[in-house]
Amino acid sequence: MGAILNDIWGNSINAVKLLTTRLGKLELSTPLLVASGTFDLENFEFFDPACLGAFVSKTITREPKKGNPPPRLYETEAGLINSIGLQNPGLDKFIHEKLPVYRDKLSMPLIVSFSGSTISEFCQMLETLEASAGIAGYEVNVSCPNVENEGIAFGTDPDIVFELTRRLQEITDKELCIKLSPNVTDIATIAAAAEAGGASSLALINSLWGMAIDYRTGKSKIKKGIGGYTGCGVKPVALALTYKVAQAVRIPILAMGGIYNWQDALEFIWAGASAISLGTANFINPLAAPELIMGLGEYLLSTKKSINDLKGKVEI
Amino acid sequence: MGAILNDIWGNSINAVKLLTTRLGKLELSTPLLVASGTFDLENFEFFDPACLGAFVSKTITREPKKGNPPPRLYETEAGLINSIGLQNPGLDKFIHEKLPVYRDKLSMPLIVSFSGSTISEFCQMLETLEASAGIAGYEVNVSCPNVENEGIAFGTDPDIVFELTRRLQEITDKELCIKLSPNVTDIATIAAAAEAGGASSLALINSLWGMAIDYRTGKSKIKKGIGGYTGCGVKPVALALTYKVAQAVRIPILAMGGIYNWQDALEFIWAGASAISLGTANFINPLAAPELIMGLGEYLLSTKKSINDLKGKVEI
Amino acid sequence: MNSPQYRQRAIQLREELSDEYFILWIWDEALGAAGKPGQFYEIRALSSLANLQTFHAIPKLFKPISIYDNQGGRIGFMIKKVGTGTNALSRLRAGDTLELIGPCGTGFPVFRGRRILLISGGIGYPPLWYLQKELINHNQIYWMHGGGGQADVFPCDEIWTEDGSIGRKGRVCDNLEETITKHEVDTVYSCGPQGLLRTVCEITNKLDIEHYCSLEAYMACGIGVCHGCAVPIGHPEDWTFKRVCKEGPVFNAKEIRWELF
Amino acid sequence: MNSPQYRQRAIQLREELSDEYFILWIWDEALGAAGKPGQFYEIRALSSLANLQTFHAIPKLFKPISIYDNQGGRIGFMIKKVGTGTNALSRLRAGDTLELIGPCGTGFPVFRGRRILLISGGIGYPPLWYLQKELINHNQIYWMHGGGGQADVFPCDEIWTEDGSIGRKGRVCDNLEETITKHEVDTVYSCGPQGLLRTVCEITNKLDIEHYCSLEAYMACGIGVCHGCAVPIGHPEDWTFKRVCKEGPVFNAKEIRWELF
Ligand SMILES: Cc1cc2nc3c(=O)[nH]c(=O)nc-3n(C[C@H](O)[C@H](O)[C@H](O)COP(=O)(O)OP(=O)(O)OC[C@H]3O[C@@H](n4cnc5c(N)ncnc54)[C@H](O)[C@@H]3O)c2cc1C
Ligand SMILES: Cc1cc2nc3c(=O)[nH]c(=O)nc-3n(C[C@H](O)[C@H](O)[C@H](O)COP(=O)(O)OP(=O)(O)OC[C@H]3O[C@@H](n4cnc5c(N)ncnc54)[C@H](O)[C@@H]3O)c2cc1C
Ligand SMILES: Cc1cc2nc3c(=O)[nH]c(=O)nc-3n(C[C@H](O)[C@H](O)[C@H](O)COP(=O)(O)O)c2cc1C
Ligand SMILES: Cc1cc2nc3c(=O)[nH]c(=O)nc-3n(C[C@H](O)[C@H](O)[C@H](O)COP(=O)(O)O)c2cc1C
Ligand code: FES
Ligand code: FES
């Protein structure tokens, strides 16, 4: 692994071994990933890419998406509200313009996040992506409204999640990770449905609903009103849901939601995560990734434990 | 109204008028209440009770409840996780020991919070409470698991909420406020069900799920694992849900969730709340209530607006 | 003054004991008159909710700290830095403002004519200091205190350290049964970490000796309203959760249901 | 240096302009060589995530601040205190550490032999200061600046204040059409509050004059990855959301779709 870790641990091969983890079909050199929509190649100007076990790209849809009107961001006392509206260039442009660059530049597995508004749209997209080289796996973003089903988000209905996953796993042999929304009554049932459908891993959480209003003027800080809430303030929720899902499924969990440092990462690993992602933290601290991986590596070395030894071993 | 306000506003009758609000059947002298389980008579040692428009007591159940094993509390970066487990002396002791004291000591309307595990238990409790003097209204805590319905919490099923509310409103003519849980896929439908069933107001939010783990030892900070997350970090979520519910119903909303100061209170009023409650803030700042009401009063005076003028007028 | 009060008081003096331990002194005659040994205050370095708007710093909970000393209004808090709250307190200097809620809890029962053993571990020392001053003229007292190492021990009759750096090496409860017998102890007061208190309770229960034990708990309100600080108290078949901040922190050792912790 | 870099740099000098405005100077030759007028940095008072554990203070986002001056590595940021982030910056003194991400964005196009009008409002001044130094020897420049009152205005050719406390009374764009005609302006550069920029765009579009307008947006990443800073840019029938931090902050006035803001 990268120079960055060797610098700290004096070429210690042990730390490197302790950090490896498995996310479904992927063997990762570190348990650290980046959350879809919060990270891109530009961030590699700030640190050594070897920190990352895999790279998750921003969610794409079949057609280009303009995204939501501004303002799209507001920082609260303990997190961030965003309302990007899945702005993206669409599947074609992704495959012809972004993917070749990723193939060229990325030194770690690429996980492509995508979303659709009908099951067949998801399937078509996956078929097209399967025809392209350089993709190690998929993160399926099911938080888009389902046009076949009264606009209810895919991710809130276990039957739809089951059916969607079943259809998708028929198309690909690569890593198939379903990304769950926290804004549901019973995330464990949805997680179990994804597992039953054939998902090889789960990612959680996507953003919580959040809102902020200018107390002087009464104006919503976000143009669309309600946005997605992420960062430090959502950590207790993300951790609770990670634990719930870990109790309900056997497939690996990629956990995220308010992870800012290695201590946070450990909480999620104890709760049952096989890997973790940095999202909002990338904005708050450009060096969040290397600092996390160094702290985690040092902790593992000092306790002589691997990710696997700690995973899910929370004591209740 | 109380000396505390007159001190600040020079006996200004205007501020007093501007602060009045209506919560269903109750005319309140201020829009400030206290969240069930976070406040009791002891707090009145700290400030003038005239700050409060009404008093909400800790949730009672028919039988006494021992509550959850310790540790029950953990403070996170931006809030509090609790796992009290509805410890309470039960309905009988409440009526014979607590209620007389409240009747004696409270200078504002008393709203009694109660909970049950079957619809008939809720009804029986309400009948018993109706026979007692000194109660201005009820807050119905529907976050207890429903024993008739596979242990699923009452508050997560719109049909049950409708039926429960319908039955309860037949028993009482007093204020009937249904307190909603935020841990649901679609709070607006549940709110609408409560309104259709005959609720005269809604309270929200109860606590979010939350968890914290000691990163060194892997031990859950809360004995039961998952607890209820409240305070500053939940504010964006509470505000989003308040707005959603305000769009879905016409009955008044008693909003709470991370309100710490008057600026926070205003955000919820803009979003559609007729009244607001302080919960976790009572622990963080013993003077949160008077400071909030003074700040809010000064704001209303300076803008010559009443609660009613601002309520729900958020600009999206 | 029956119920806990809220006050903001200037720190009169700060005493440095070691890197980890320090004492904050305030002055308040009325509070001084109200406090009893074993009672505590919820205290905090002055924090303003206004900070939320200006600095985006979120104020945190108060922390329970025993009355260490009370000289008719000169009230002392002896504090060990262990985490966020106590570290914030450790940054305070004379002249800075302390927020207080208290006095909280019920305190120790005070007797006359007894043969008393005080036993404390680490930060269990401060409440016993205040207690022994109340007991000293009317009872025979033997005080044993233990800690991790040299920094964790304070004046008393018998010192134990786990690393053996001063006093006897081991845990302060290692010889407890013999000490109780040798000194013909009839009443024990204890305060310290859970593990220690549990052992002391086992021994005094076995010997059937009166024992008042001051428990710790994570607290939110400190005044009995939130039920966050509950501990299981009562008879094995008939116990309830009592509040450390209201019915406690001192409980009769016979009634503490350790098996339910 | 094509992409923004992350640096921590000591503040060399802090210059006080008024209660609300100040300048922070740092020194970095490589960054100095990379920066162009109209570009900006995401900056912050050094915050550590370690604070989360020790002080429970949650670090916040960086804030976009234009390059105000750049003398071959002596880089200045002129800042107005308006909220949390800029207030944290205002507490910095010489010797303190600044965190920087940049240079960000594309900056202003630079021409020769033009008749240029610079128009700025409030905190739109700093990027135009750096720009006019680049333009001054090769163009004819007229600079108009407006602000609320005396504290908000800085050296230029024509000053406006809303309260009339100094210069002409009114908004800096009140006489804009005449000024453009009188000075035979062919190129306009603008920066300032949205309302002002919108008016300036309307006028220059009507007169069909080249106009480069530097927009503001709330930012998270500052480097083009989050799409949080989007503004609608393009033709009325064929526009997309462009990123102020990457394709901007400077846009061609004709392409800014104000009707979609
Ligand atoms: C009635 C009572 C009287 C006390 N008297 C004193 C005193 O006189 N002097 C003194 O220094 N301390 C005293 N304590 C302990 C003191 O309250 C805690 O050390 C303090 O609350 C820790 O807060 P923190 O924010 O610094 O640490 P945190 O960041 O909350 O925690 C640091 C570590 O301490 C543990 N911890 C936190 N709070 C407690 C607790 N209440 N009990 C056990 N472990 C805890 C955490 O799990 C963590 O490992 C007393 C406690 C009680 C309940
Ligand atoms: C490309 C660019 C260059 C800039 N250059 C400078 C500069 O050289 N000097 C300077 O002082 N400022 C500059 N700004 C503005 C500066 O970034 C904001 O003032 C700052 O982000 C406010 O942050 P805060 O935390 O202090 O205030 P906040 O607490 O975030 O907000 C305070 C008030 O300002 C409003 N506000 C916050 N951010 C913005 C924003 N980006 N645009 C409009 N309103 C906002 C809020 O709604 C609120 O009313 C620039 C902005 C951009 C986008
Ligand atoms: C600006 C922004 C953009 C995001 N875009 C996406 C996206 O395109 N697809 C997706 O699945 N999640 C998206 N997310 C959610 C994150 O991937 C992640 O699930 C969430 O931020 C929680 O993690 P955090 O608290 O560490 O940020 C976005 C989050 C932010 C803040
Ligand atoms: C310690 C504690 C105890 C609570 N007990 C109850 C309760 O008995 N009944 C209830 O309906 N809500 C209870 N709640 C939830 C609060 O009433 C309130 O809904 C929640 O705390 C959100 O508001 P806040 O963020 O202002 O605290 C409790 C919350 C806390 C922190
Ligand atoms: S801390 Fe709230 S009841 Fe004891
Ligand atoms: S601020 Fe993230 S893309 Fe511009």
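Protein chains get the first letters and strands the later ones, always in sequence-line order, with residue 1 at the start of each.
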Donor-acceptor pair, distance only, cut-off 3.5 Å: does the side chain of [X] make one with the backbone of [Y]?
X: Y229(B); Y: K235(A); result: no
X: E315(A); Y: G218(B); result: no
X: Y299(B); Y: R216(A); result: yes

(Q) For chain A, which candidate among L266(B), T242(B), V237(B) shows the most heavy-atom pairs at distances under 4.5 Å? (A)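 With the most close heavy-atom pairs to chain A, the winner is V237(B).
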**Q.** Heavy-atom pair count under 4.5 Å with chain A, highest-scoring of N183(B), I222(B), D186(B), T303(B)
**A.**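 Winner by heavy-atom pair count: N183(B).
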What part of [X] gets within 4.5 angstrom of chain A, counting heavy atoms only: side chain, backbone, both, or neither?
X: A238(B); answer: neither
X: T217(B); answer: backbone
X: K219(B); answer: both
X: K224(B); answer: backbone

Q: State whether the number of non-hydrogen atoms from other residues, nucleotides or ligands found under 6.0 Å of K223(B) atom NZ is greater than 12.
A: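 Incorrect, the count does not exceed 12.
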**Q.** K305(A) NZ: over 12 foreign heavy atoms closer than 6.0 Å
**A.**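 Counting neighbours around NZ of K305(A), 12 or fewer heavy atoms of other residues, nucleotides or ligands fall under 6.0 Å, so no.
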**Q.** Closest heavy-atom pair and its distance - A78(A), A78(B)
**A.**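 Heavy atoms only, the tightest pair is CB-CB, 3.4 Å.
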Q | Where I213(A) and A271(B) come nearest, the two heavy atoms and their spacing | A |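 Result for this residue pair: CD1-CB, 3.7 Å.
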Taking C-beta and beyond as the side chain, do [X] and [Y] meet within less than 4.5 Å on heavy atoms?
X: L241(A); Y: W209(B); result: yes
X: I316(A); Y: M211(B); result: yes
X: K244(B); Y: I226(A); result: yes

Q: Say whether T156(A) and T185(B), considering side chains only, have a donor N or O and an acceptor N or O under 3.5 Å apart.
A: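 No, no side-chain donor-acceptor pair sits under 3.5 Å.
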Q) Which of the residues G233(A), G231(A), G227(A), G225(A) is involved in the greatest number of heavy-atom pairs with chain B at under 4.5 angstrom? A)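 Result: the option with the highest number of such pairs is G233(A).
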Rounded to the nearest 0.5 Å, what separates atom [atom1] in [X] from atom [atom2] in [Y]?
X: E77(B); Y: E77(A); atom1: CD; atom2: CD; value: 14.5 Å
X: Y243(A); Y: S220(B); atom1: OH; atom2: OG; value: 8.0 Å
X: Y215(A); Y: D264(B); atom1: OH; atom2: CG; value: 10.0 Å

